[in-house]
Structures are given as structure tokens and as C-alpha cells.
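The next block holds one structure in the form of C-alpha cells; read it before the comments.
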Amino acid sequence: SSGEQVNLKTLGPQTTLRYPVLEVTADVGGVLYLRERDYDVYSGVGWEATTRRKEQFTSGAPSLGSLTIVTYGVRGVLYVPYYSTSQISMIGGAVDNDRNLQEYSYRVSDTLAEKTDFPSVRYKKLPKETQEWAKILVRQIVGYTKSDREKMQAIQKYVRNHGAYDANAEKMDASCTDFAKWFLKEGETGYCIHYATATAVLLRAAGIPARYVEGYIVDCEAGVGTAVSKQQAHAWVEYYRDGVGWIPLETTPPYGRYFPFSSLGAVTT
């Protein structure tokens, strides 16, 4: 285990932190998802990023331009865009900043033309208690749909339409042992961590490899340095599409128009 964890038991109202974390300058404008780390193990009350073999996370498509990140202070990991045409290798769900860089650049594309490693079964695993209720709910959500893409879209719509977005969402009841179940069956409000967790759990219950991801979301103007604050910290999901690779998926309501197949945040209606 790498020891990186997200404790869902303590999750309560978000604090408004506006201090700057980094600055981003991109040749092409658009909504940018900067990936910090993915988490592969769901315990019911948290996510954990365990040590895994090296994974390539690189696009084989032509570059559309460059992206430069400047961080305020040295960070333990490098923030990674979708999809870099530079060679990127992740270990334990992240790219270690072993050179202590505060400024670094990528060449980026808007498609994933190079299939990433096929995921292990770890990305379909759930605790037994979670598996039981989630499989029943997924059957109700997806009905008779057969393709993974149709299942993904049905789950995306279901989670996005659940409850109301509220940064001041209450804590889960201390007696609860499954955060996703509590949010989907009892919780009336939530924010990105709630929606991303529920989505990843339901995708896994549907047999689709999925993982929970944290990072930052920023709306960039081409050629202009954009400051990113702690308030723009965000959580989303990646699911695996056969023959394509890991694709980010957005289900948090305020970000509902963004479906980031790429660093440029392709918009869906």
C-alpha cells in the first residue's frame, strides 16, 4: 500500500479555500482536468491508492500544443493532463515528482489513440456488502442495455440526477458502513467526492473497470496564464473502454456539461 487514502467518514461541509495552488498556461483554450492521483481500492468508508505496477498513460495522437504548469511550492506528484503525447508512466496511481520540479510542460492531444494497459480485476472489486446492494440497483438503472457504453451512460445520468449539489453537504451517519449506499439511498445533497464515489461503485457493480480520481479542474484561455486555487480541487471517475483505454467521466451536476474525453474538455449537451 502506498498509504494514500481518502477518508469518507470524516467528509462534511467543504471549506472555501481560495489560496493559489498552481498556474496553468495552454496553447489551446478549454476546460482542463489535471489528474493528481487515482485510487483503486474501495472499503465502503474510504478509497486507497495501493502500490501497482507501472502504467503508461500516454496518447499516441498528434499534439495540438503545449501545456505548462507552475506550482507554488514543490508537490509530491506531477499533475497530468488528458492526454499527454509526452511519455508518462504512473506508479500507484500517480506520477511521482522525484526531481522536485515546480515548473514542467507537456505536449497534449484531444484523443487517446494509444491503448493503455488492460486493467486488472482490482478495478471491478467491491466489498461484499457493497456488491450486494449495488448489483441490484445497477440492474434497475441499466435495464436491458447490453453494451458497456450504454450502461455507463445510464449510470452517469442516474448519479448526476441524484440529490442536489451542495458544498455544505452533511457528514455520513457514524453508524453507516457504506458511503456510496448512504449517499444514493439516504443522502439528499453532495459534492464531487460523493458523486464520483457513487459512480465508480456503480460502474464496478455493472462489471465496468472504474477508479476514483482527484485533481483540479480549470477553464483555460489560450495563451493566458490561469491561476488555480484550492477551491478548484475536484474528484471524478475514469472508466476503461475496451480497445481505447482509461476515459474520464463527469457526473457532478454543476459540471454536467463537461465530458472530458480530453484535456480540452469536449462538451456534451
Side-chain angles (χ1 to χ4, degrees), residues 1-11 14 17 21-22 24 31-43 45-59 67 69-84 86-102 104 106 108 112 116-117 119-120 122-125 179-180 191-201 203-204 209-218 228-240 245-252 255 260 262-263:
S1 167
S2 67
E4 292 291 338
Q5 297 184 337
V6 177
N7 185 350
L8 301 172
K9 289 186 292 187
T10 61
L11 212 61
Q14 287 183 308
L17 299 170
V21 178
L22 49 96
V24 177
V31 175
L32 181 73
Y33 281 71
L34 289 178
R35 192 184 193 286
E36 185 170 353
R37 182 182 300 276
D38 75 66
Y39 297 79
D40 56 320
V41 174
Y42 178 69
S43 66
V45 292
W47 285 100
E48 183 179 1
T50 64
T51 302
R52 287 156 273 164
R53 64 188 175 88
K54 187 177 287 189
E55 177 187 339
Q56 301 303 316
F57 203 76
T58 306
S59 172
L67 165 72
I69 296 171
V70 179
T71 61
Y72 300 111
V74 175
R75 304 284 161 170
V77 300
L78 299 181
Y79 298 104
V80 179
Y82 299 90
Y83 292 97
S84 171
S86 318
Q87 189 67 32
I88 288 182
S89 296
M90 300 191 305
I91 299 176
V95 179
D96 286 335
N97 186 10
D98 47 17
R99 290 163 57 197
N100 293 327
L101 299 175
Q102 281 188 251
Y104 46 97
Y106 302 96
V108 293
L112 184 57
T116 46
D117 299 337
S120 74
R122 75 171 66 238
Y123 299 110
K124 291 184 182 180
K125 282 188 175 176
F179 183 84
Y191 44 89
C192 59
I193 298 174
H194 299 69
Y195 288 94
T197 293
T199 305
V201 165
L203 287 171
R204 289 186 178 193
R211 55 197 189 189
Y212 170 90
V213 185
E214 289 190 343
Y216 288 88
I217 184 170
V218 54
V228 182
S229 74
K230 194 69 179 171
Q231 195 177 24
Q232 288 160 272
H234 192 49
W236 61 93
V237 170
E238 287 173 356
Y239 73 99
Y240 192 86
W246 289 104
I247 296 174
L249 179 64
E250 181 64 83
T251 56
T252 302
Y255 307 93
S262 68
S263 63

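Any value given below was found using the heavy atoms of this structure, including those in side chains, with hydrogens, waters and symmetry copies removed.
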| task | Give the C-alpha distance, both sets of side-chain angles, the deciding distance and a yes or no for side chain to side chain contact (heavy atoms under 4.5 Å, CB included) between Glu55 and Trp246. | result | CA-CA 11 Å; Glu55 177 187 339; Trp246 289 104; 3.4 Å; yes
| remark: Heavy-atom nearest pair, Ile91 first then Arg52, reads CG2-O, 3.7 Å
| Atom CD in Glu4, atom CZ in Arg37: separation rounded to 0.5 Å? | 4.0 Å
| query | Looking at CG of Leu203 and CG of Leu249, how far apart are the two atoms once the value is rounded to the nearest 0.5 Å? | reply | 6.5 Å
| task | Test side-chain hydrogen bond (donor to acceptor under 3.5 Å, both in side chains) on Glu238 and Tyr82 and set out the steps. | result | CA-CA 11 Å; Glu238 287 173 356; Tyr82 299 90; 2.4 Å; yes
| task | Determine the minimum heavy-atom distance between Lys125 and Arg204, stating which atoms define it. | result | O-NH1, 2.9 Å
| request: For the residue pair Tyr106 and Ile69, establish whether any side-chain heavy-atom pair is separated by less than 4.5 Å. | output: yes
| field | Ring center gap for Trp47 and Phe179 short of 6.0 angstrom | value | no
| message | Check Asp40 with Arg211, please: is the shortest side-chain N to carboxylate O separation under 4.0 Å? | response | no
| remark: Between Cys192 and Ala235 the two heavy atoms that sit nearest each other are SG-N, 3.5 Å
| field | Taking every non-hydrogen atom, the tightest pair across Ala210 and Val237 | value | CB-CG1, 4.3 Å
| query | Given the side-chain rings of Tyr33 and Trp236, with only the six-membered ring counted for Trp, is the space between their centroids under 6.0 Å? | reply | yes
| Looking only at heavy atoms, which two atoms of Tyr39 and Ala49 are closest? And how far apart? | CD2-N, 3.5 Å
| Going through the distances and angles, do Val80 and Met90 end up as a side chain to side chain contact (heavy atoms under 4.5 Å, CB included)? | CA-CA 10 Å; Val80 179; Met90 300 191 305; 5.5 Å; no
| Side chains of His234 and Thr252 in contact at under 4.5 Å (non-hydrogen atoms) | yes
| Any donor-acceptor N or O pair under 3.5 Å, side chains Tyr212, Glu214 | yes
| query | Does the Tyr79 side chain pair with the main chain of Thr71, one donor and one acceptor, at a distance under 3.5 Å? | reply | no
| task | For residues Leu34 and Leu67, determine if any side-chain heavy atom of one lies less than 4.5 Å from a side-chain heavy atom of the other. | result | yes
| request: Find the distance between CD (Glu250) and OG1 (Thr199) and round it off to the nearest 0.5 Å. | output: 8.5 Å
| Do Tyr83 and Pro248 come close enough that some side-chain heavy atom pair is under 4.5 Å? | yes
| message | Using side-chain heavy atoms (C-beta onward) and a distance below 4.5 Å, is Val218 in contact with Leu32? | response | yes
| remark: OG1 (Thr197) and CG (Leu8) are apart, to the nearest 0.5 Å, by 5.0 Å
| Under 3.5 Å, is there a donor-acceptor pair linking the side chains of Arg122 and Thr50? | yes
| request: Could you tell me the separation between the OG atom of Ser43 and the NZ atom of Lys9, rounded to the nearest 0.5 Å? | output: 8.0 Å
| query | Are Tyr216 and Gln231 linked by a side-chain donor-acceptor pair shorter than 3.5 Å? | reply | no
| said: Quick check: closest heavy atoms across Ser86 and Ser84, and the distance to 0.1 Å? | reply: N-OG, 2.9 Å
| said: One thing to verify: whether Arg75 and Asp96 come together as a salt bridge, which I'm taking to mean a side-chain N less than 4.0 angstrom from a carboxylate O. | reply: no
| message | Working to the nearest 0.5 angstrom, can you tell me the gap between Gln102 CD and Leu22 CG? | response | 11.5 Å
